Amino acid sequence: MKGLTYGAVTRDILEPLFKPSAAYVGLLGFCVALLAWGGYCWFLQLTMGLGVGGYAPPVFWGVYITTFVFWVGIGHAGTLISAILFLFRSKWRTGVYRASEAMTIFAVMSAALFPAIHVGRAWNAYWLFPYPNQRQLWQNFKSPLMWDVFAVSTYFTVSTIFFYIGLIPDIAAVRDRTTGTIRKIYDALALGWRGTDRQWRHYMAAYGFFAAFATPLVLSVHSVVSWDFAMAQTAGWHSTLFPPYFVAGAIFSGCAMVITLLLPMSLIFKWEKYINVWHYESLAKMCLLTGTILTYAYGVEHYIAWYSDNPYEWGIFVYRAVGEEYGWVFYMMVFCNCLAPLIWWIPSMRRNLVVLFVVSIIINIGMWFERYNIIASSLAHQFDPASWTYYAPSWVELGIMVGSFGWFGMWFVMFIKIMPSVAVAEIKELIRPPLKSDQVAAK
Amino acid sequence: MVSFALMAIGIAAAAYGFINDPTRTGGAFIVNFMYWAGIAQGGMMLAVALVIVKGRWGRPLKRVCEAFGLMMIPMYVLLMAFLLGGGLGIYEWTHWHPEEFGRLHKWVYFFGSGPVEGADHAPFPVFFVARVGILLAVLIVLDLLFIRASVRSDAGAAKERYGWEPTGLAAIIANTGGWKGEEVEAEASQRTQARLAPLLGITYACVYTVMAVDLSMSLMPHWFANMFPAWYFMSCIWSGFVYLAIYTMLFRKTLKVEGAFPPKLYHDLGKLTLGFTMFWMYTLFAQYLPIWYGNMTEETVAILIRTELEPWATLTRVVIMLCFVAPFAMLTSRGLKKVPAAYLMVTGVLAVGIWLERFLVNMPSIWKEETLPLGAVEVGMTLGFLGMFTYVVIWFLTSVPPLTFTDPFMQADPDHVHVVPSRLQGHHH
């Protein structure tokens with residue numbers, strides 16, 4: 001960061017907020033088009049019923065739950081990078097944490113769509129929340145699905161507050177460069193920020209507190225999501241290893257998604273000074289660590305299933321690996337999550353932007369397939385062979401899934417235009433502050 | 001001297017125990033093996049982790065970590081002697097009639113020498129002993145290569161600078177033959193360690209997984225949980241941190257390296273220990289909840305014995321108190337971690353708590369009586385292991401340089417920037 005000044009940092013990072021390019025409008029249009037397609041598919045499902053899905057009794061969890069878990073997983077990396085790495089005083093987080101946090105918020109918003117889509121009668125989805133009502137209905141608090149509602153909503157609330165606190169000094173920086181009504185809006189959002197010593201002191205206390213508060217939530221939310229499966233007696237789901245395995249998988253996919261999003265963004269907006277190979281390499285190393293944990297978890301699942309001598313447990317793992325219906329899903333998962341990232345053990349491959357981008361996308365594909373592998377195969381191949389079936393998603397389900405990517409992308413692309421995607425204030429901490437002695441020397 | 005006295009107590013206790021009650025004493029051996037081998041390799045993993053992440057804060061501890069790693073050799077010898085010398089009798093499945101074995105157990109336990117129809121009991125489990133023996137040997141070889149790479153550079157530099165060199169077994173470990181000068185050797189040492197470290201990390205996870213399943217989980221052969229191996233090997237690292245603190249606090253004066261172990265180091269180590277304390281509880285709960293919720297007979301039995309039946313139920317509460325509640329409450333204090341006497345107390349609580357946890361995990365699968373099998377034999381054997389551990393660690397630290405002084409990461413980071421406190425300082429460094 002040598003040669004940078006405070007003024008240059010503010011100018012470089014805030015510039016994308018003021019000049020929408022044709023590429024930007026095109027990208028936003030593409031995301032909205034995907035969302036519109038997803039909306040159309042959902043409209044079909046709402047009018048025609050869940051029969052438009054590929055459900056095959058007893059398989060009633062499919063693409064929607066898979067995609068729900070996928071998005072919650074993506075939502076992990078942001079708070080991990082912003083909160084946990086903040087507590088570890090890790091310097092490389094500075095350039096990437098803002099965009100990662102935004103990704104978290106939008107990913108959880110994408111995940112939140114799916115319980116409503118999954119239940120079919122979306123207009124009744126609010127029944128998931130406990131509230132006094134005249135029908136004397138009360139939620140089944142013993143159900144892990146209810147725990148999920150609380151875990152995800154708590155995570156979303158805390159992540160959003162944490163995200164907003166981090167934004168305040170930068171919103172003020174935007175305010176100071178705008179005029180008229182826009183300025184008034186940013187002024188209101190900046191909550192009266194003036195950058196006084198007192199404000200910084202309180203700001204840091206609040207930021208540290210929320211970092212500590214959000215850290216256990218990073219672990220808890222995906223642990224609770226994993227219990228949606230682990231609490232059941234279904235073979236292949238009833239696993240004590242699931243909580244840390246799901247958390248590692250979530251961080252793995254989340255870090256890969258940060259690479260996927262930030263790499264083109266930093267090239268388009270010319271932020272190479274602030275987000276560079278060092279950041280991508282650190283993210284790739286995180287992926288290597290969590291990918292290794294994931295590979296270990298896949299291995300141990302199979303090892304213990306074999307060791308257990310439990311025919312149902314062993315049966316499902318054999319079915320996943322060599323079964324005609326889902327074998328390809330299993331190998332897709334193994335290739336994308338265990339084999340492809342191995343290329344990052346070679347340092348030059350961790351620094352090659354093309355390799356970084358391609359492998360990060362492969363990982364995200366693999367992580368979607370991992371959830372699909374767990375969910376569909378176990379339900380399609382339960383205890384009673386008479387109930388064995390095959391579930392394949394319909395085009396409507398896949399359309400809704402694609403629409404969720406449009407939904408996520410739309411929010412993210414809009415965010416780039418509204419708020420600074422790199423933390424201005426924290427970047428300034430990494431460069432030499434302007435000193436009076438410098439000005440004197442310059443004269 | 002004290003180490004030898006403790007070892008003598010241990011040998012006497014083991015001899016008395018194996019003559020009078022081999023099953024109970026065999027259980028005490030497995031408890032101690034899982035405990036001390038965990039500390040030895042777990043401590044070594046901090047050195048490995050520091051190399052992987054290029055960590056500076058814990059470098060003064062690195063040589064002590066390597067001393068812990070060296071302890072794996074006597075642990076290995078003792079385990080092999082136990083398994084080959086008749087200790088396998090504590091495993092219920094060695095007494096099963098061949099027909100009681102499931103389809104897969106034949107392969108798991110008796111690969112190439114399966115149960116014979118009409119035989120009274122199963123033959124010697126060659127595959128079981130061989131896989132534990134071979135895998136542990138591979139891990140120890142990697143440990144030694146790592147330790148050698150690290151020690152060689154310091155021992156050679158000590159000779160070059162001060163004319164001091166290790167003797168005897170320490171000279172063999174350091175192996176300074178063909179010395180090429182401090183700068184070249186230090187660089188080569190870093191390179192070798194950096195290559196070995198990820199391999200050691202992965203090998204550790206795999207070998208300790210097999211070890212946890214074979215030596216500990218198979219004591220209750222119908223019970224299985226795929227969280228168990230990771231729970232064990234992560235808690236080994238945790239126990240390693242605990243003993244690293246204890247040994248350095250107790251012996252830093254003797255080793256004349258007080259300056260290298262300031263309160264800040266224990267503050268950092270304490271934070272890490274707190275993190276692992278929480279992780280232990282998290283993974284314990286992650287095992288408990290699905291088993292309790294699933295309520296499947298083959299799974300709940302292991303939990304019920306330990307939480308509902310005495311004498312184990314009370315011990316479970318004690319373990320939760322000593323391994324989580326008390327250390328969590330104490331380690332959240334910043335000041336406490338910086339006061340040696342106070343931090344020594346917390347690590348002492350954890351050391352006892354983790355030993356009791358290993359006892360609780362293993363012993364109920366072996367001991368079927370209503371009394372708690374915790375007497376002179378168990379305490380004596382534990383003291384014996386403690387004596388041996390202390391002897392190996394202190395011998396190593398006095399035979400080679402106790403600090404990795406040629407390691408460039410012992411120096412402060414030249415690019416260090418105070419990212420956070422600058423705001424508190426009003427933007428002016």
Side-chain angles (χ1 to χ4, degrees), chain A residues 86-87 89-91 93-94 142 144 195 197 200-201 203-204 207-208 216 219-220 223 226-227 229-233 237-245 285 288-289 292-293 295-297 299-311 313-314 345 425-426 428-433 435, chain B residues 52-53 101-108 198 201-202 205-206 209-210 213-214 217-218 221-231 234 271 275 278-279 282-296 298-299 413 415-429:
Chain A
F86 172 78
L87 296 178
R89 307 288 184 251
S90 183
K91 280 181 259 177
R93 72 179 269 286
T94 310
K142 286 186 286 185
D197 283 356
W200 275 115
R201 200 165 56 248
Y203 169 84
M204 285 311 298
Y207 198 80
L219 292 179
S220 75
S223 299
S226 83
W227 285 332
F229 308 100
M231 292 301 153
Q233 295 183 347
W237 283 11
H238 188 66
S239 166
T240 50
L241 185 64
F242 264 19
Y245 156 28
K285 284 178 182 171
L288 267 182
L289 171 68
T292 308
I293 294 172
T295 305
Y296 168 84
V300 164
E301 271 196 313
H302 286 76
Y303 172 49
I304 299 292
W306 164 75
Y307 170 89
S308 73
D309 202 24
N310 181 319
E313 196 69 16
W314 181 230
W345 280 102
E426 290 208 22
K428 285 178 182 173
E429 288 187 334
L430 295 178
I431 59 179
R432 194 160 181 268
L435 301 174
Chain B
I52 293 174
V53 302
F101 279 87
R103 176 173 51 87
L104 289 162
H105 279 87
K106 290 177 186 173
W107 199 83
V108 174
I202 293 168
C206 296
T209 292
V210 173
V213 171
D214 280 351
M217 202 161 86
S218 86
H222 291 298
W223 185 78
F224 62 93
N226 52 22
M227 182 70 234
F228 184 83
W231 180 57
M234 289 304 286
K271 284 190 278 188
M278 291 192 281
F279 188 78
Y282 164 68
T283 45
L284 177 70
F285 188 65
Q287 283 187 102
Y288 177 77
L289 189 65
I291 292 173
W292 172 79
Y293 199 100
N295 202 19
M296 290 155 82
E298 67 269 30
E299 287 186 345
D413 183 358
D415 299 324
H416 185 70
V417 177
H418 287 284
V419 176
V420 176
S422 64
R423 283 180 177 173
L424 300 175
Q425 293 160 13
H427 277 275
H428 296 289
H429 293 276

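Quick caveat: nothing in here was measured; it's all calculated off a predicted structure.
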Are the side chain of B:Asn226 and the backbone N or O of A:Ser239 linked by a donor-acceptor pair below 3.5 Å?
no
Side-chain heavy atoms of A:Pro243 within contact of B:Met227, under 4.5 Å:
no
Is the shortest heavy-atom distance from the side chain of B:Pro198 to the side chain of A:Trp345 under 4.5 Å?
yes
Could you tell me which portion of B:Leu289 (side chain, backbone, both or neither) has an atom closer than 4.5 angstrom to a non-hydrogen atom of chain A?
both
Region of B:Tyr282 that comes under 4.5 Å of a non-hydrogen atom in chain A
side chain
Segment of B:Met217 engaging chain A (4.5 angstrom heavy-atom cut-off):
both
Rounded to the nearest 0.5 Å, what separates atom CE in B:Met296 from atom CG in A:Asn310?
6.5 Å
Checking heavy atoms, do the side chain of A:Pro144, its backbone, both or neither come under 4.5 Å from chain B?
both
Distance alone, cut at 3.5 Å: any donor-acceptor contact between the side chains of B:Thr209 and A:Tyr303?
no
Minimum heavy-atom distance between A:Tyr296 and B:Ala205, given as atom pair plus value:
CE1-O, 4.0 Å
Check whether any side-chain N or O of B:Tyr293 sits under 3.5 Å from a backbone N or O of A:Lys142 as a donor-acceptor pair, and report yes or no.
yes
Quick one: does B:Gln287's side chain have a donor or acceptor within less than 3.5 Å of a partner on A:Thr240's backbone?
no
